[in-house]
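To start, the structure under review is shown below, and the notes come after it.
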Amino acid sequence: MSADNKNDNMVVTPWEVKGDIDYGTLVQRFGTQPLTEELKERIAKHAGFMHMQLRRNVYFSHRDLDWWLNEYDAGRPVGLYTGRGPSGGVHLGHLLPWFFCAYLQKAYNAKLYFQMTDDEKFLHREDLTLDETIAYSYDNALDVIACGVQPELTHIFSDTDHIGHIYKLGLQVSKRITMSTVKAVFGFTDSDNIGLTWYPALQAMTCFLQSYREGRNVACLIPAAIDQDPYWRMTRDIAEKMGYTKPTQIHNKFLPPLTQGGKMSASQPESAIFTTDVPEKAAKKVMAAFTGGRETIKLQKELGGRPEVCNIYAYYYYLFEEDDAKLIEVEQQCKCGALVCGDCKARLAKMVKAFLVDFQTKRDKAKDNLADYLIK
Ligand code: TRP
């Protein structure tokens, strides 16, 4: 993806996200539509409440979400699809769309197809064996379950272990995608392994999987970060040829890392809080995080902090402070210099610990009923 002048350090591709992310520019670059207040209200109407992620504009962009909602309003079934490249442990940034899927699943009584791309990660990463990526599929599935998805409406699958459920549809898709398309969309070259050039057919296939299995067209919505967009552009181009409707999308922002710039990354453990971090250790990462504070406490009291560039504030905003009034209070206290970074971090660290204790309980429980959530 070529960089433009305004954000020339911003890189957002399926393999790399770095630099200062400007979401307005991303909407333009990817040619998506901004998520309007009206659409947020429409989503909330069926849920009975507006999810915090919608209130806080964690979702900023979409493709044809209005059509997906129209389908539901017309009394037709709608479905959800998202996925994960199982290359390691899950961190808080990954959870944003999964929590949102659980919310949408409940509101729209929608089946969720959740793809674990252990094949993709094996093909893409020199440092991982196939056994390792497959093991992460099942490990990461526990995190998906802990987000509150419902067993009777959820179909988690591993591309390798569950290939029998997906291969035929994958072949139908792959027959309609040429080498020049994948080269143009993903930038593959002659030195890439051929597995990588086939893999996009499997990621695309899931958009139609519910329709295929049920023998009827079900509108598919993909909640995910915008970096996966190239796959969906490719899929949308072949959908009608295959007799299916185009997949629709809703895009979430990246949770900022605890360190400066880009997104949380599993390759930099100090930048992210993992769902399996010992709560005390996670609290220490929070205490060591980058903030929008001034050099000294004296300056902070005089000038106030800068929540708009503060990652600690971002954590309150995206995940941890659900109470809008309390969030505004944090912001104002910070700006006027009354709240110093140490105290603010300690407050967040406590919330992170409580969250992890609860999440890890749910995650452990998921080990006993994992099978209920897998594709059958
Ligand atoms: N390619 C994604 C990754 O590397 C995994 C994935 C497959 C996915 N299907 C998806 C992500 C659908 C979001 C939505 O992480």
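Each ligand, and each atom within it, is numbered from 1 in the order the structure gives. Small disclaimer: the values here were computed from a predicted structure and weren't measured.
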Listed partners of Tyr317 passing side chain to side chain contact (heavy atoms under 4.5 Å, CB included), at least two apart: Arg56, Tyr313, Leu327

Looking at OG of Ser87 and CG of Asn140, how far apart are the two atoms once the value is rounded to the nearest 0.5 Å? 7.5 Å

Nearest 0.5 Å, please: how far is CZ in Arg294 from CD in Glu302? 10.5 Å

Could you report the tightest heavy-atom contact between Leu112 and Thr82, atom names first, then the distance? CD1-N, 4.0 Å

On the 0 to 90° scale, with breaks at 30° and 60°, tag the Phe208-Tyr244 ring pair as parallel, tilted or perpendicular. parallel

Ignoring hydrogens and geometry beyond distance, is a side-chain donor-acceptor pair present between His46 and Asp73 at under 3.5 Å? yes

What does the contact table look like for ligand 1 (nitrogen or oxygen on each side, cut-off under 3.5 Å)?
from, atom 1, to, atom 2, distance (Å)
ligand 1, 1 (N), Glu120, OE1, 3.0
ligand 1, 1 (N), Glu120, OE2, 3.2
ligand 1, 1 (N), Gln203, OE1, 2.9
ligand 1, 1 (N), Gln228, OE1, 3.0
ligand 1, 4 (O), Glu120, OE1, 3.2
ligand 1, 4 (O), Lys121, NZ, 3.4
ligand 1, 9 (N), Tyr81, OH, 2.9
ligand 1, 9 (N), Gln115, OE1, 3.4
ligand 1, 15 (O), Gly85, N, 3.2

